Amino acid sequence: MERTFLAIKPDGVQRGLVGTIIQRFEQKGYTLVGLKLMRVSRELAEQHYSEHKDKPFFAGLVNFITSGPVVAMVWEGRGVIANARKLIGATNPLNAEPGTLRGDFAVDVGRNVIHGSDSPENAEREINLWFQTQELVPWEPAF
Ligand code: CMP
């Protein structure tokens with residue numbers, strides 16, 4: 001079954017959005033198979049965002065993701081990679097549609113509440129980077 005990696009960023013945790021965000025994915029019908037609250041090391045942040053290492057905002061991105069607790073998650077279900085991105089909304093919250101998480105809860109591209117893998121390749125890479133196999137708990141929804 002398809003899996004994706006999602007992380008509620010420090011702004012989402014500090015603003016008390018963890019429950020709301022998890023509820024959106026549960027209500028859509030996706031299955032939570034990995035969940036942990038953690039502080040992100042600079043090493044993990046730099047690996048996670050390695051594709052942005054030459055961008056002018058890279059240092060700020062790493063500083064922000066390491067600035068406070070993050071909720072790291074793995075979600076499973078049909079089409080979850082692309083559909084989670086739809087539920088999250090455009091990277092710049094000013095372009096995100098109302099009804100999406102970023103459209104409803106953010107205005108700043110650097111404080112956009114949640115990260116979601118953007119491709120099957122990145123989903124696999126990010127799940128392996130953030131989680132050990134034994135931390136994932138596969139289960140079958142009853143409906
Ligand atoms: P995320 O989905 O975590 O992936 C890369 C992040 O870089 C993105 O969300 C934004 O938070 C951040 N980002 C992208 N563009 C900019 C920008 N122009 N200025 C600051 N941060 C940015």
Side-chain angles (χ1 to χ4, degrees), residues 1-139 141:
M1 183 58 82
E2 186 172 316
R3 288 179 173 177
T4 197
F5 172 75
L6 306 180
I8 305 173
K9 299 185 183 184
D11 53 331
V13 176
Q14 284 182 0
R15 292 171 58 199
L17 294 173
V18 171
T20 300
I21 290 171
I22 288 177
Q23 189 176 44
R24 290 274 176 105
F25 296 100
E26 285 185 326
Q27 287 179 334
K28 174 70 177 171
Y30 289 129
T31 305
L32 183 61
V33 296
L35 175 70
K36 57 184 173 183
L37 178 75
M38 59 188 283
R39 281 298 287 262
V40 179
S41 67
R42 294 196 77 79
E43 185 187 9
L44 174 58
E46 286 172 3
Q47 285 180 39
H48 174 75
Y49 282 130
S50 58
E51 67 191 271
H52 299 296
K53 68 178 188 314
D54 297 325
K55 307 261 175 66
F57 55 82
F58 181 70
L61 195 54
V62 170
N63 284 341
F64 179 61
I65 202 78
T66 57
S67 69
V70 163
V71 175
M73 302 179 285
V74 177
W75 287 86
E76 188 174 272
R78 271 176 282 158
V80 70
I81 300 169
N83 279 291
R85 297 274 295 181
K86 285 187 195 163
L87 292 170
I88 290 170
T91 300
N92 186 338
L94 296 181
N95 300 328
E97 295 294 326
T100 66
L101 290 166
R102 289 171 177 161
D104 288 351
F105 296 120
V107 291
D108 183 335
V109 70
R111 301 283 185 276
N112 59 1
V113 175
I114 180 169
H115 166 84
S117 304
D118 64 2
S119 66
E121 296 72 29
N122 273 338
E124 189 180 355
R125 185 182 74 84
E126 291 168 5
I127 290 167
N128 290 331
L129 188 59
W130 288 72
F131 282 89
Q132 300 191 322
T133 307
Q134 66 269 24
E135 292 179 301
L136 301 178
V137 183
W139 57 282

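The figures here come from the full heavy-atom set of this structure, side chains too, leaving out hydrogens, waters and symmetry mates. This is a predicted model, so every value here is computed, not measured. Start at 1 and go down the list; that is how both ligands and their atoms are numbered. Residues: numbered from 1 along the sequence shown.
- Applying the ring pair (Phe, Tyr, Trp, His ring centres under 6.0 Å) criterion to Phe25, with sequence neighbours excluded, gives Trp75.
- No side-chain heavy atom of Asn95 sits under 4.5 Å from any side-chain heavy atom of Arg102.
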Just list the N/O pairs, ligand 1 to protein, that are under 3.5 Å apart, with the distance for each.
residue	atom	partner	partner atom	Å
ligand 1	2 (O)	Arg102	NH2	3.2
ligand 1	2 (O)	His115	ND1	3.2
ligand 1	3 (O)	Lys9	NZ	2.7
ligand 1	3 (O)	Tyr49	OH	2.6
ligand 1	3 (O)	His115	ND1	3.1
ligand 1	9 (O)	Lys9	NZ	3.1
ligand 1	9 (O)	Asn112	ND2	3.2
ligand 1	11 (O)	Lys9	NZ	3.1
ligand 1	11 (O)	Val109	O	2.7
ligand 1	11 (O)	Asn112	OD1	3.4
ligand 1	11 (O)	Asn112	ND2	3.3

inquiry  = Leu6 vs Ile88, test: side chain to side chain contact (heavy atoms under 4.5 Å, CB included). Steps then yes/no.
reply    = CA-CA 10 Å; Leu6 306 180; Ile88 290 170; 3.9 Å; yes
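- Remark: side-chain polar atoms of Asn83 are paired, donor with acceptor, to backbone N or O of Gly79 under 3.5 angstrom.
- For Arg125, the salt bridge (Lys or Arg N to Asp or Glu O under 4.0 Å) test picks out no residue, with sequence neighbours left out.
- Glu46 is linked by a side chain to side chain contact (heavy atoms under 4.5 Å, CB included) to Arg42, Phe58, Val62, counting only residues two or more places apart in sequence or in another chain.
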